[in-house]
J.: 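Let me begin by handing over the structure; questions about it come next.
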Number of protein chains: 2
Amino acid sequence: MSDVLRRPGPAQPNPMPAVEHRPLDPRVERLVNDLIGRVADKWTMLILEALAEKGELRFSRLADEVHGISQKMLTQTLRQMERDGLVTRTIHPVIPPRVDYKLTRLGLGLGQAFCGVWLWAEAHLEEVEASRQAFDARAVSR
Amino acid sequence: MSDVLRRPGPAQPNPMPAVEHRPLDPRVERLVNDLIGRVADKWTMLILEALAEKGELRFSRLADEVHGISQKMLTQTLRQMERDGLVTRTIHPVIPPRVDYKLTRLGLGLGQAFCGVWLWAEAHLEEVEASRQAFDARAVSR
DNA sequence: CATCACACTCTCCATTTGGTAAGTATAGAA
DNA sequence: TTCTATACTTACCAAATGGAGAGTGTGATG
């Protein structure tokens with residue numbers, strides 16, 4: 001979205017805030033926001049991770065991998081991901097039925113894009129936890 | 001989370017799936033998942049972006065920047081971000097009241113971590129849209 | 001003939017999320 | 001005296017989210 005977010009290095013607070021260059025029209029901005037809202041979903045991210053790790057999984061294996069997901073949410077999330085072009089769904093016409101799910105190039109790319117966030121979360125877990133405890137302690141004492 | 005997700009380049013589907021090295025214990029995994037769920041929230045991301053772009057904003061300026069957010073959600077999200085150590089909250093004891101919000105080092109880092117996802121969304125918007133249309137067309141014809 | 005496996009789909013229900021609107025405290029301006 | 005600005009907080013309500021569990025179709029197996 002903003003160029004400030006895009007560039008590494010300490011962001012300059014506002015040395016020249018008058019410039020205000022927005023390279024995107026609001027339509028694109030809205031679409032990007034929507035897409036991120038859809039894709040930054042808890043289950044989507046966990047399924048993405050499972051598939052990136054295991055390569056290709058059938059429905060019930062996925063259900064095992066993504067601990068705690070209900071059948072309903074697994075189906076629902078996989079359908080959305082298929083619609084968005086993140087996974088392919090291969091139905092083997094056998095009985096009992098067998099369906100394999102696999103990440104597309106698009107899905108793999110998104111998985112890589114999320115790397116940064118995973119790494120940040122891992123790296124700063126304790127810092128965040130400490131901040132929370134300090135905050136809660138302050139709140140209690142007042 | 002997974003090393004596959006962490007490394008750029010086409011992920012190897014499963015040349016040696018037997019290895020299965022998980023460097024993280026489930027506790028950390030759960031914490032990271034929770035943290036990401038909290039932080040990958042729509043409003044959090046938009047506030048993060050506004051603050052990264054503008055540097056420091058008071059409550060009502062933020063409300064203007066983050067289009068469509070309600071007072072309630074703005075307050076709520078800012079409190080969570082403060083608790084997590086992402087923003088600082090500076091109260092100026094004047095009347096009418098004035099409160100300034102600013103990203104911490106931690107908050108800036110998270111903003112940068114999200115870059116990848118914003119860029120991915122921007123870059124693949126049309127691809128996703130095309131996939132959706134194709135999917136919907138298929139669904140209708142059946 | 002009953003059972004099981006598998007990948008769903010559907011219904012019902014509880015929780016969560018989030019919006020709207022009203023209230024609060026304070027001092028200066030009209 | 002009333003109005004305004006500001007940053008909230010609270011109460012209420014509607015919508016979305018998501019879990020539990022039952023139902024479905026089919027062929028192999030006991």
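Every chain is numbered from 1, with letters handed out A, B, ... down the list of sequences.
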J.: Hey, what bend do you get for the helix from C:dC1-D:dG30 to C:dA30-D:dT1 if you fit axes on five pairs at each end, rounded to 10°?
T.: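 Angle reported: 30°, given to the nearest ten degrees.
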
J.: Rounded to whole angstrom units, what separation is found between the NE2 atom of A:H92 and the C1' atom of D:dT26?
T.: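 About 18 Å, once rounded to whole Å.
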
J.: Taking C-beta and beyond as the side chain, do A:Y101 and A:E56 meet within less than 4.5 Å on heavy atoms?
T.: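 Answer no - side chains too far apart.
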
J.: Going by side-chain contact (heavy atoms from CB on, under 4.5 Å), A:I47 matches just one of A:L62, A:D41, A:L57, A:L103. Which one?
T.: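 Option passing the side-chain contact (heavy atoms from CB on, under 4.5 Å) with A:I47: A:L62.
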
J.: Quickly work out the A:F59 CZ to C:dC8 P distance and round it to whole Å.
T.: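 So the two atoms are 5 Å apart, to the nearest Å.
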
J.: Would you say the side chain of B:D100 lies within less than 4.5 Å of the side chain of B:H92, judging by non-hydrogen atoms?
T.: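 Yes - at least one pair of side-chain heavy atoms lies under 4.5 Å apart.
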
J.: How many Å lie between CD on B:Q80 and C1' on C:dT17, as a whole number?
T.: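 Computing the B:Q80:CD to C:dT17:C1' distance gives 12 Å.
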
J.: The side chain of A:P96 is closest to which nucleotide in this list: C:dA22, C:dA5, C:dT9?
T.: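 When the side chain of A:P96 is considered, C:dA5 is the closest of C:dA22, C:dA5, C:dT9.
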
J.: Less than 4.0 angstrom from a charged side-chain N to a carboxylate O is my criterion; do A:R138 and A:D136 meet it?
T.: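 A:D136 and A:R138: not salt-bridged.
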
J.: With sequence neighbours excluded, tell me which residues meet side chain to side chain contact (heavy atoms under 4.5 Å, CB included) with A:R132.
T.: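 A:V128, A:E129, B:L35, B:R38, B:R83, B:D84.
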
J.: Side-chain N or O of A:S60 less than 4.0 angstrom from OP1 or OP2 on C:dA7?
T.: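 A:S60 to C:dA7 OP1/OP2: side-chain N or O found under 4.0 Å.
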
J.: What is the distance from OH of B:Y101 to P of D:dA7, rounded to the nearest Å?
T.: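 Nearest whole value for this atom pair: 8 Å.
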
J.: Does A:R61 place a side-chain N or O at less than 4.0 Å from the phosphate oxygens OP1/OP2 of C:dA7?
T.: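 For A:R61, the contact criterion (side-chain N or O under 4.0 Å from OP1 or OP2 of C:dA7) is not met.
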
J.: For A:L57 and C:dA7, what is the distance between atoms CG and P respectively, to the nearest whole Å?
T.: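 My rounded result for the distance is 11 Å.
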
J.: Side-chain contact test, heavy atoms from C-beta onward, threshold under 4.5 Å: evaluate it for B:F59 versus B:Q71 and give yes or no.
T.: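 B:F59 reaches B:Q71 side chain to side chain.
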
J.: What nucleotide among C:dC6, C:dT9, C:dA27 has an atom nearest to a side-chain atom of B:I95?
T.: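 For the B:I95 side chain, the nearest candidate turns out to be C:dA27.
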
J.: C:dA7, OP1 or OP2 - any side-chain N/O from A:R58 closer than 4.0 Å?
T.: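 Yes.
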
J.: Answer whether the closest heavy-atom distance between the side chains of B:V87 and B:K102 falls below 4.5 Å.
T.: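 Of all side-chain heavy-atom pairs linking B:K102 with B:V87, none is under 4.5 Å.
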
J.: Could you tell me whether B:R79 contacts a base, only the sugar-phosphate backbone, or nothing, with contacts defined as non-hydrogen atoms closer than 4.0 Å?
T.: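 Sugar-phosphate, backbone atoms only, no base.
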
J.: Using a strict threshold of under 4.0 Å (side-chain N to carboxylate O), is an ion pair present between B:R105 and A:E127?
T.: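 So A:E127 pairs with B:R105 through a salt bridge.
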
J.: Could you tell me the separation between the CG atom of B:L74 and the P atom of C:dT17, rounded to a whole number of Å?
T.: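 One finds 17 Å between P of C:dT17 and CG of B:L74, rounded.
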
J.: Just the rounded figure in Å: distance from P of D:dT9 to CG of B:L78.
T.: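 Between P of D:dT9 and CG of B:L78: 11 Å.
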
J.: Rounded to whole angstroms, how far apart are CG on A:D100 and P on C:dC8?
T.: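 Going from CG in A:D100 over to P in C:dC8 covers 11 Å.
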
J.: Between B:R58 and B:V99, is there a side-chain heavy-atom distance shorter than 4.5 Å?
T.: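 No, their side chains stay 4.5 Å or more apart.
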
J.: Show me the protein contacts with nucleotides 13-20 of chain D, counting only N or O atoms at under 3.5 Å.
T.:
unit_1 : atom_1 : unit_2 : atom_2 : d
D:dG18 : N7     : A:K72  : NZ     : 3.1
D:dG19 : OP2    : A:S70  : OG     : 2.7
D:dG19 : N7     : A:K72  : NZ     : 3.3
D:dG19 : O6     : A:K72  : NZ     : 2.3

